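Reckoned from all heavy atoms, side chains included, excluding hydrogens, waters and symmetry mates. Only a predicted model underlies this, so the values are computations on that prediction, with no experimental measurement involved.
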Amino acid sequence: MEEEVDYESLPTTSVATNMLAGALAGITEHTVMYPLDSVKTRMQVLSPNPQAIYSGVVNALSRISTAEGSRALWRGVSSVIVGAGPAHALYFATYEKCKIMFSKAGTQQNHLAHAGAGACATIVSDGLMNPFDVIKQRMQVHGSIYRNVVACAVGTFRKEGISAFYISYPTTLMMTVPFQSIHFATYEHVRHLMNPKGAYDPKTHIVAGALAGAAAAAVTNPLDVAKTLLQTRGAALDKGVREASGLVQAFKLIYAKHGLRGFALGAQARVLSHMPATAICWTTYEFLKMVLSTQPGFATDPPL
């Protein structure tokens, strides 16, 4: 019988390993789940075109494919591909380093360390990813006037300036810091419960990743609705939405338009997209990390 690999004992401290595995995992995650992300964005738009009002995720997928063609579900995906690689490289490299720094010596499970490392990781990666996310969402909305990602970036910059790419950044951090804290702490906890020996086990990464993504997505959905409002304000029909300048104003607009249920807009699509997305991301990342850790030049960082 073949001896089981002690996955957790492999030398995975190399920044190059974490960055390359993270970049490939991020691109895979965002690309595979992009159609559901497009549906989530459309369902969160505060004052949508009457033709873009959907009763649910399946209805949205069907109507968009029928009325606009299946390619409409992939509009703006190149922005995510370009941004997700370097952003996730920083994301996972920062997480792995901070997890080691924050963990107490000899302690296998430290939920505060995992949550804190996740918060640090998202602060670093979101600073790079936010402009790409703005472009992506403006391409995703119904009736987008932009032909491609470059036209969207140039048009947004000329019309609204550089601030348009970062107007949602404080809101993004207010959402992603708790999201990633919940995500990483849940993932590490479930992974340890399912696989206390730490052997490489794809099933564990799939289940732990899916549960972590679902929990974090559900809890932070209200902030995601506000983020979508701020990032798509330039394409909004509502004058109040176009003039929104921050989180508090976004919350007021959402509540005035839909009441408390407005903060649950797109929640179903968001949870359904994050569950497989985080499962895919973690499975890809952990697999690549294991493979790369056995390759010359990737096992450990070179001495300074």
Side-chain angles (χ1 to χ4, degrees), residues 1-15 17-33 36 84 88-89 91-104 106-122 125 176 178-220 270-295 298-299:
M1 186 175 177
E2 190 173 316
E3 186 179 354
E4 191 175 47
V5 176
D6 184 2
Y7 165 67
E8 290 300 317
S9 70
L10 289 172
T12 58
T13 57
S14 167
V15 172
T17 296
N18 298 331
M19 292 189 77
L20 182 55
L24 294 174
I27 292 171
T28 303
E29 167 200 354
H30 286 288
T31 304
V32 171
M33 299 312 301
L36 274 177
H88 275 69
Y91 173 81
F92 279 106
T94 302
Y95 173 71
E96 295 285 2
K97 284 297 182 185
C98 288
K99 183 173 71 170
I100 294 170
M101 288 171 57
F102 297 162
S103 294
K104 294 179 181 178
T107 303
Q108 284 188 329
Q109 285 296 296
N110 186 333
H111 302 309
L112 286 177
H114 298 152
C120 292
T122 198
S125 64
T176 55
F179 177 96
Q180 298 300 352
S181 296
I182 295 168
H183 172 203
F184 280 109
T186 303
Y187 174 79
E188 296 284 3
H189 179 66
V190 174
R191 183 175 69 85
H192 181 69
L193 287 177
M194 293 183 64
N195 186 19
K197 292 183 178 180
Y200 176 68
D201 179 21
K203 179 176 84 283
T204 296
H205 303 313
I206 291 171
V207 174
L211 291 176
V219 171
T220 59
R270 188 165 193 254
V271 171
L272 286 175
S273 66
H274 273 284
M275 284 185 71
T278 48
I280 291 167
C281 186
W282 276 112
T283 305
T284 305
Y285 174 70
E286 300 283 13
F287 171 74
L288 290 171
K289 191 171 75 167
M290 181 193 70
V291 172
L292 290 172
S293 294
T294 63
Q295 304 303 310
F298 283 95

Got a list of side-chain donor-acceptor pairs under 3.5 Å for residues 179-187, not counting sequence neighbours?
unit_1 : atom_1 : unit_2 : atom_2 : d
Gln180 : OE1    : Tyr91  : OH     : 2.6
Gln180 : OE1    : His183 : ND1    : 2.8
Gln180 : NE2    : Tyr91  : OH     : 3.2
Ser181 : OG     : Ala115 : O      : 3.2
Ser181 : OG     : Val177 : O      : 2.7
His183 : NE2    : Trp282 : NE1    : 2.8
Thr186 : OG1    : Ile182 : O      : 2.6
Tyr187 : OH     : His205 : ND1    : 2.8
Tyr187 : OH     : Glu286 : OE2    : 2.9

Determine, stepwise, if the pair Lys203 / Asn195 fulfils side chain to side chain contact (heavy atoms under 4.5 Å, CB included).
CA-CA 10 Å; Lys203 179 176 84 283; Asn195 186 19; over 6 Å; no
Chi angles and distances behind the side chain to side chain contact (heavy atoms under 4.5 Å, CB included) call for Phe102, His114:
CA-CA 8 Å; Phe102 297 162; His114 298 152; over 6 Å; no
Full working for side chain to side chain contact (heavy atoms under 4.5 Å, CB included) between Phe92 and Cys281
CA-CA 11 Å; Phe92 279 106; Cys281 186; 3.7 Å; yes
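Here salt bridge (charged side-chain N to carboxylate O under 4.0 Å, His left out) pairs that include residues 20-29, with residues two or more places apart or in two chains, number zero.
Thr31 places no side-chain N or O within 3.5 Å of a backbone atom of Thr28 that could act as its donor or acceptor partner. In terms of modelled atom types and a separation under 3.5 Å, the side chain of Thr278 and the main chain of Gly209 share a donor-acceptor contact. Here the side chain of Arg191 pairs no donor or acceptor atom with the backbone of Ala208 at under 3.5 angstrom.
For Leu193, the CG atom counts as densely surrounded, since its 6.0 Å shell holds more than 12 non-hydrogen atoms of other residues, nucleotides or ligands.
Side-chain atoms of Tyr95 and Thr122, non-hydrogen and from C-beta on, never get closer than 4.5 Å to each other.
Nearest approach of Leu36 to Ser273, heavy atoms of both residues: CB-CB, 3.7 Å. Looking at every heavy atom in both residues, His88 comes nearest to Gly22 through CB-O, 3.2 Å. Looking at every heavy atom in both residues, His30 comes nearest to Ala84 through CD2-CB, 3.7 Å. For the residue pair Ala214 and Val271, the shortest heavy atom distance occurs at CB-CG1, 4.1 Å.
Atom-to-atom distance recorded for Asn18:CG and Lys99:NZ is 9.0 Å, nearest 0.5 angstrom. To the nearest 0.5 Å, atom OG1 of residue Thr94 and atom CE of residue Met101 are 10.5 Å apart. In this structure, the separation between CD1 on Ile206 and CE on Met194 is 9.5 Å, given to the nearest 0.5 Å. Going from atom CE of Met19 over to atom CG of Leu292 covers 13.0 Å, rounded to the nearest 0.5 Å.
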